Chemist: 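Below is the structure I would like to discuss, written out as structure tokens.
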Amino acid sequence: MRGALPGDVGGIAAAITTGDRSAISQDALRDLRHSNLAHLLAISGLHMGLLSSVVFAAIRLLFALHPFTAMHLPSRSIAAAVALVAATGYLALSGGNVATERAYIMVAVALCALMIGRRAISLRAVAVAATIVLILRPEALLGPGFQMSFAATTGLVAVFSWIRDAEANLIPRRLRPVAAVVLSSAIAGAATAPISAAHFNTLAHYGLAANLLSVPLMGILVIPAAVIALLLAPLGLENIGLWAMGLGLHWILGVAEIVAALPGAQGHVTSPNSWVLPLLTLGFLLLVLWQGRLRWSGALMMTAALVLWQDNDRPDVLIADNGTLVGVMTLQGRALSKSKGAGFIARNWLENDGDGADQIRAAARWTAAKRSLPIIHLSGKHAVAQFTGCKFEQLVVASVPMDKDRSSDCAVYDPPRLRVTGAVALHQTSQGWHVVTARELAGNRLWNRQRKRGRDDQ
């Protein structure tokens, strides 16, 4: 694929068929994320569903070409069985990560329902798929992949079931495919946006437009072309399918680049507290599943969750678990004590604050932060050696162990203390500092007890 489709186009082709993203440039990944098209890279429900539906439709069409096979053979069940085999091969080809396994189980449930003459798309099918995934991988429940996938699927099935049961014919028949694409993109985006914002702290403001311009092309051109390339590969003619696949991927990359460059394409949000997502989920499920008037209480619960999200206070001071970085909240955003080093920690702090600044811009705020709070950060042995002492109200953070004689008058967080507490968050109150440590949040674990004993022995 990379030979026939060089550059990012070939990298995306490899990603959506094998799960290998190593050939995609960072610029292309950033554009895809900012335009809310990064989900196209994950081999999940969209890809697995498109592949199985293309194979299912092709087999049914072959059976319909001859009167005998059309009239005397269970063409739908046979086509579903062949599509299930194709989906299984796709699972093996992709390496079988969690997202792909989840998508495969959902597709398999739908295809097996078709084989036995039951409704393939229903909330019962979604429940069966979710149950199987959680039995196999219970830890997936807390991951964004599981939450976003089943939120989108549940929302789509529920809304289209309501439309089907209402038997509303407000849209002309010719416009229904277009309306279905617009509606499905809007529903999936609305269902997954809070979860995505909670986990990744970003919102793609033009994601709906980007998906409307890109997702239909995945089903019309990219995935069918990939199937054609696979079928022609034994004959050495796979470049025909790859060429057509490249046309669609060129378009998708162009859309991602244009949308990501629009002013305000990406927004940043603060991480919610631990109650927000469970309350949102419970309200969403109550709204979707309950059959009486009580269902509207789900909307109230979702509104309460969003209010709680807005009321979330971030710590005034954050200290890294090794003392190499300190972050102080200011009116301009989090100020960082260093412009380089501890990049992963810095990026996570800024993202959780809903701050779009990079580490260099955040470090430029440090001078003002030191004037607002009595905090001292000593980075390296030389800085600690030159430190002469501190006052009672000061807070000292050091990246190397400190001499107790020079730091007995103030609160000190150095590596020996941080090995016991882990990372530290401080909230400023009228009574002083309210300290929350990673050790407290993690609980009384075996490895924490061992770590503490090691500290006491020293």
Side-chain angles (χ1 to χ4, degrees), residues 16 32-53 98-100 102-107 109-110 120-123 125-127 129-130 133 140-141 143-164 171 175-200 202-220 222-223 248 252 255-256 259-260 265-267 269 277 280-281 283-285 287-289 298-299 302 305-306:
I16 65 176
L32 290 168
R33 293 191 183 107
H34 290 184
S35 59
N36 198 28
L37 294 177
H39 67 93
L40 297 178
L41 300 179
I43 301 178
S44 55
L46 175 66
H47 306 75
M48 193 69 73
L50 288 174
L51 175 74
S52 58
S53 62
V98 176
T100 312
R102 182 179 61 252
Y104 172 77
I105 292 171
M106 295 184 67
V107 167
V109 170
I121 301 176
S122 68
L123 289 176
V126 177
V133 170
L141 177 65
F146 178 92
Q147 295 172 7
M148 294 175 68
S149 176
F150 280 100
T153 305
T154 303
L156 288 168
V157 173
V159 172
F160 280 99
S161 297
W162 292 339
I163 295 174
R164 182 193 64 229
I171 302 174
L175 296 179
R176 287 179 187 176
V178 177
V181 171
V182 174
L183 190 59
S184 60
S185 295
I187 294 168
T192 58
I195 301 172
S196 175
H199 285 283
F200 306 116
T202 59
L203 284 173
H205 292 152
Y206 308 116
L208 177 59
N211 277 274
L212 290 176
L213 293 172
S214 302
V215 172
L217 205 63
M218 288 290 293
I220 296 172
V222 176
I223 297 298
I252 292 172
V255 169
V259 171
Q266 188 182 34
V269 295
L277 273 185
L280 266 176
T281 304
F284 173 70
L285 292 177
L287 185 64
V288 168
L289 300 179
M302 296 175 70
L306 295 177

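All values reported here derive from a predicted model rather than from experimental measurement.
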Chemist: State, with a plain yes or no, whether a side-chain heavy atom of V159 is found less than 4.5 Å away from one of V288.
Modeler: no
Chemist: Would you compute the distance between atom CE of M106 and atom CZ of F150 and round it to the nearest 0.5 angstrom?
Modeler: 5.0 Å
Chemist: Can you tell me how far apart CG (L41) and CD1 (I16) are? Round to the nearest 0.5 Å.
Modeler: 8.5 Å
Chemist: Between L50 and M218, is there a side-chain heavy-atom distance shorter than 4.5 Å?
Modeler: yes
Chemist: Over all heavy atoms of both residues, which pair between A158 and L123 is shortest? Give the atoms and the distance, please.
Modeler: N-CD2, 4.4 Å
Chemist: Where is the tightest heavy-atom contact between A140 and F146, given as atom of each residue plus distance?
Modeler: O-CB, 3.0 Å
Chemist: How far apart are the closest heavy atoms of A204 and H34, and which atoms are they?
Modeler: CB-O, 3.5 Å
Chemist: What's the shortest heavy-atom distance between P194 and L277, and which atoms?
Modeler: O-CD2, 4.4 Å
Chemist: Just by modelled atom types, is the G49 backbone N or O under 3.5 Å from a matching donor or acceptor in the S52 side chain?
Modeler: yes
Chemist: If you take all heavy atoms of A256 and L32, which pair is closest and at what distance?
Modeler: CB-CD2, 3.8 Å
Chemist: In Å, rounded to the nearest 0.5 Å, how long is the span from CG of L280 to CD of Q147?
Modeler: 10.5 Å
Chemist: In Å and rounded to the nearest 0.5 Å, what is the CD1 to OG distance from I252 to S214?
Modeler: 5.0 Å
Chemist: When rounded to the nearest 0.5 angstrom, what is the spacing between OG1 in T202 and CG in N36?
Modeler: 8.5 Å
Chemist: State, without any angle test, whether H39 and N211 hold a side-chain donor-acceptor pair at a distance under 3.5 Å.
Modeler: yes
Chemist: For a quick test of reading the model, state the closest non-hydrogen atom pair linking V259 to A265 and the distance between them.
Modeler: O-CB, 3.4 Å
Chemist: Which value, rounded to the nearest 0.5 Å, describes the distance between L208 atom CG and S35 atom OG?
Modeler: 12.5 Å
